Structures are given as structure tokens and as C-alpha cells.
There are 2 protein chains.
Amino acid sequence: MDQLISSLGNATFENYVAADSGFTEMAYQMSAHVLTLGYAIMLAALLYFVLTMKTVAPKYRISSVLSVVVMVSAFLLLLVQQQNWTGAMVYDADSARYILGDGNDLFNNGYRYLNWLIDVPMLLFQILFVVTLTKSDFSSIRNGFWFSGTAMIVTGYIGQYYEVTSPTLFFVWGFISTVFFFHILYLMKKVITEGKEGAPAQAQKYLGTIWTLFLFSWMLYPGAYLMPYLFGGLEPALSETAVVARHITYTVADVSSKVIYGILLTLTAQEMSKAEGYDYEKLNDAI
Amino acid sequence: MDQLISSLGNATFENYVAADSGFTEMAYQMSAHVLTLGYAIMLAALLYFVLTMKTVAPKYRISSVLSVVVMVSAFLLLLVQQQNWTGAMVYDADSARYILGDGNDLFNNGYRYLNWLIDVPMLLFQILFVVTLTKSDFSSIRNGFWFSGTAMIVTGYIGQYYEVTSPTLFFVWGFISTVFFFHILYLMKKVITEGKEGAPAQAQKYLGTIWTLFLFSWMLYPGAYLMPYLFGGLEPALSETAVVARHITYTVADVSSKVIYGILLTLTAQEMSKAEGYDYEKLNDAI
């Protein structure tokens, strides 16, 4: 194992499992399929956000635009992430397993992380264009979102390079990242609480659902970060499960925090538009 | 080292580092991720500029069109630039490093340079369609932008071929390029100063921010050009850092000077449109 670590350097967990025991057909294919599902959902949802943009009043449409920005970047980065998976591994007929291909790039989750560098600020800004803040200052919340969002991702990105070679650095960077995450949770709670005041009843309900979804889906990311350790490290039988579980967790988290979140914001904005006299269903003219 | 230079010819710094010491997993992957982030942001922003085009009065929409032109060309050229990086290097299991692949294309930043041949004139013309010049002549400024912009890039493009083989030629071409750059700065300062006169207060604020952003982001390019020398040449430990730092610098510069600049021009045009009676948020119908 020590020899394996020195031969792979700061590569992620997935490569050590591939070099150590390889992946069964089932584990390799499940990963490839789940990664493909991820980027396909992003492109499909992109069309949804473009085509429903006019169901909300003009002042809310920037929320749909930001969802589109998130979908484009997530689509491209997750596509590359999937190609990185299939490009790293080759099928080895002798062992009937997928192993690292000679001279191929190693697999690295970093594509996801740098995608979040676009998505996280956009997703956090997005809700600010739908709700009306009653007490807090728009630009101070926006700057807080931007600063802590970026810091959370950059520190997590650095940490993930050490998940095998240096558990200490891995946990320290992960901890710093989590501090910024809690700051984001605190700000988001404030935004949603204030946003509910004065919103129509149905919009209030949607905002409550958004908070639950936000908590659930954003909590999945630290879970995926810690996945190698949740499953007991590099023990062969379990580590393959950890790799597949991580791909699935990231995909569920991405779809919930980007797509479902964006749809709920569209529904919220539709209710607010109606309350302000813009009822899409009753517009009969050139739209 | 001399042998390495003669064997690689006028190749860029990145290839000498790859041939000399190779790249660690972290340096190679960070470069691949940052290059991917770059083109993904361009495609995401392309959609932003298309979808927000009607938030400004018709006479300002050509600014959004020029942003779209810049996004398309930057997306394509940066995509090829990223593929050039991953296509040039291969993972070598013996040394646990990424090295030049046998028979593969070498890496060259020239894709970026030729992208700027489209982008630089477009970005400079763009602001001329938003502001109103009070003293200067529109076509003389436009021709100045076009001439110096093109000359700046072509001379820089030639210079970058000599960054390893002939430092003298590298610095001479870089110096000529910088002279044209200062002419552009002079013209831009004039455009922004005149543009502020008679603009609504909020638009004046945005124009002030655009000038700061312009200075900061365009200064990053000469910094990236000089990067191998800023980090002390081909000394192994530092040169890897210089390569990653250059990819990051170019990406930050591209996003700032193209995307954020374009968004700020859209916001400026929105303020001007409002002052002229075109208020997007109040239009409820056929938009």
C-alpha cells in the first residue's frame, strides 16, 4: 500500500482502488452510467429554464437566467468528469476488472469542484432576485455568499488532493471548508426567513420546501468528500462500494441543489408574479 | 538543458518543464481543471448575454451581440487550448509524473493569442456602443482600438515562441506589444472619462468600476506572458508553480476582461435605457 501511494502521488481515492483491486464490471459501469445521467439532466433542465422564463414577470427572469448559467457550466464540467472516468480506466481481460490504463490520465473529482466555483455563487445569488429582503442589506448578503462560497470550494478542492496521501491535511482543509459552509447556511436561513414575510401563502410554502431541500442537498457534499473514510478506507471489498456511493451521492446532490432548487424558485416567482398582476396563464398576446 | 532546448526548438516553457522534470498529479490536474473552467464559463456567459439582451433598449443591444461574439470565439479557442494541454501530456507510472507523450503535439498558448485577435477589437468596440463620446471622434477612436489591439496581439504572439530559446527576442517583441497596450489604455481612459459626462449617476458608477476592472484584468496578460521569468526560469520546483500560475492568471484575466466586463456594460446600458424611458422590469407584455 505504501508503495502504491508513492507511485500514484496526490491522486484521488478512486485511482488507488483501481490500482489496488480494480473495479468489477458492475462498479465501473454503475459509475459511468450515474455520471452520464448527471450531465444529461443538466442539459435537459437547461431547456426547461429557457422555455419557462416567460412564465414569471420580467423582474424575476434573472433567476431563470442564472439557472441557465448553472446548467451550462454543470453540463460541460460533468461531461468532462464522465469522460475522465471512462478515459482513466481500461478493461483488463486477465483479471476481468477495470484497472488504470497505461499512460492514461488519472481520475480526479476536481472538475466537479471547479464547476462549483461557477455554480455556488450563482445558486446563492439566484434566490436574492426572487425574494425581497425585509431587514438585511442586499449587497452585504451577496458579498457574504460570494466570499464564503468561493472560500468553501477552494479549500475543499485543495483538501481533496490529500484524501489518500495525507489524511491530516485532508481533514484540516475539509474542516476549514465546513466553517465557510456554516456561514452560508446561516445567511441562507436569514434570506428565506425574511423572504417569507409578505410573500403570498403559496410562495411561503415553496420557500419552506426550498430551505429543507437546501439543507438536505448541500449536506450531501461533505458526505461525499468524506466517503473513503465513511466506508473504512482502502479495504478492497468496501472501497469499491465507496467509489460508486460517491458518484451517486454527488449526482443526487447536484440534481437536487441545482435543478430541483431552480424549479422551486421558478414556482415561487410564478406565485409572486401572479400576486403582482402578471398571470402568465391569462396572457393571450404575443409572448 | 541546452540539449533540451535544441531538441524542443521554439516550443513554449510548459513543454520544457514537462520534458525536464514532468508535472506532479496536482500541477497537471489543476491546470486541466482551470482550463476547463475557462471555456465552461464562456459558454455559460454566452447564454446570459443572449437571454438578457432585451433588458436594454434596442440601440444598446449591439453591446450584448458583441459579448456573444466574444463568448463563442473564446469558448471554442479555450476548449482547444484545454485539449491541447491534456493531449500533450501523458501519465508516466514509473516517475508518477505527467510528461510529454511520445509523438503527441506539444503544448502552445498560441490558441489563446489568436482568440484575442477576435476578442480584443470586439471588447474595445463594445463600450463605444454604450457610451456617448462628447469630444472624441467615434471612428478615430475605433480605428485606434483596432490598429493597436491587433498590433499588440500579433507582436505578443510572435514573442511567445521565443520565451525559452531566445530571451532577447522574447523581451523585444514583448516590449513592442506593451507600447501598443499603453496606447489602448490611453484611448480607453478617454472613452470612459467622456462617457461618464451626462450619464445617469448609477451608470457613472458602473463606468468607474469598468475602468478599474479594465486596468486590473488587462495587466494580468503581460504578467502571464512574463510568468516563466517571474518564477525564476527553469528551476524545477518553481517552474511547475509558474505553469499552474500562468493557467490560473490567463483564466482569471479572460473571465474578468470578457465576462465581468460584459456584464458591467449590460448593467450600464440598463441604467441608460431606464433614464431614456425603457424600463425592462415594467414591461409586462410582448418581450
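Below, read A as the first sequence line, B as the second, and so on, with proteins coming before strands; counting in each chain starts at 1. Just so it is clear, the model here is predicted, and its values are computed rather than measured.
- By the 4.5 Å heavy-atom criterion applied to side chains, A:M122 and B:Y48 are not counted as neighbours.
- There is no contact between B:V50 and chain A, counting heavy-atom distances below 4.5 Å.
- The 12-atom threshold is not exceeded at CG of B:D105, counting heavy atoms of other residues, nucleotides or ligands nearer than 6.0 Å.
- Interface remark: B:A45 contributes no atoms to any contact with chain A (heavy atom separation under 4.5 Å).
- You'll find the side chain of A:F49 stays beyond 4.5 Å of the side chain of B:L47, heavy atoms only.
- No part of B:M42 comes within reach of chain A, as not one of its non-hydrogen atoms sits under 4.5 angstrom from that chain.
- Here A:Y111 is the residue among A:Y111, A:Y113, A:Y60, A:Y157 with the most heavy-atom pairs under 4.5 Å with chain B.
- When heavy atoms are compared at a cutoff of 4.5 Å, B:T55 does not approach chain A at all.
- Side-chain contact between A:L114 and B:T36 is absent, with no heavy-atom pair separated by less than 4.5 Å.
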- Criterion side-chain contact (heavy atoms from CB on, under 4.5 Å) on A:L106 and B:Y28, from CA distance to verdict: CA-CA 10 Å; A:L106 300 178; B:Y28 169 79; over 6 Å; no
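- Looking at A:V69, both its backbone and its side chain come within 4.5 Å of chain B, counting heavy atoms on both sides.
- Within a 6.0 Å radius of CG in A:D102, other residues, nucleotides and ligands contribute 12 heavy atoms or fewer.
- Residue B:Q29 comes nearest to A:Y161 through the heavy atom pair CB-OH, 3.4 Å, listed as atom of the first residue, atom of the second, then distance.
- Across all non-hydrogen atoms, the minimal contact from B:Y91 to A:N104 is CB-O, 3.3 Å.
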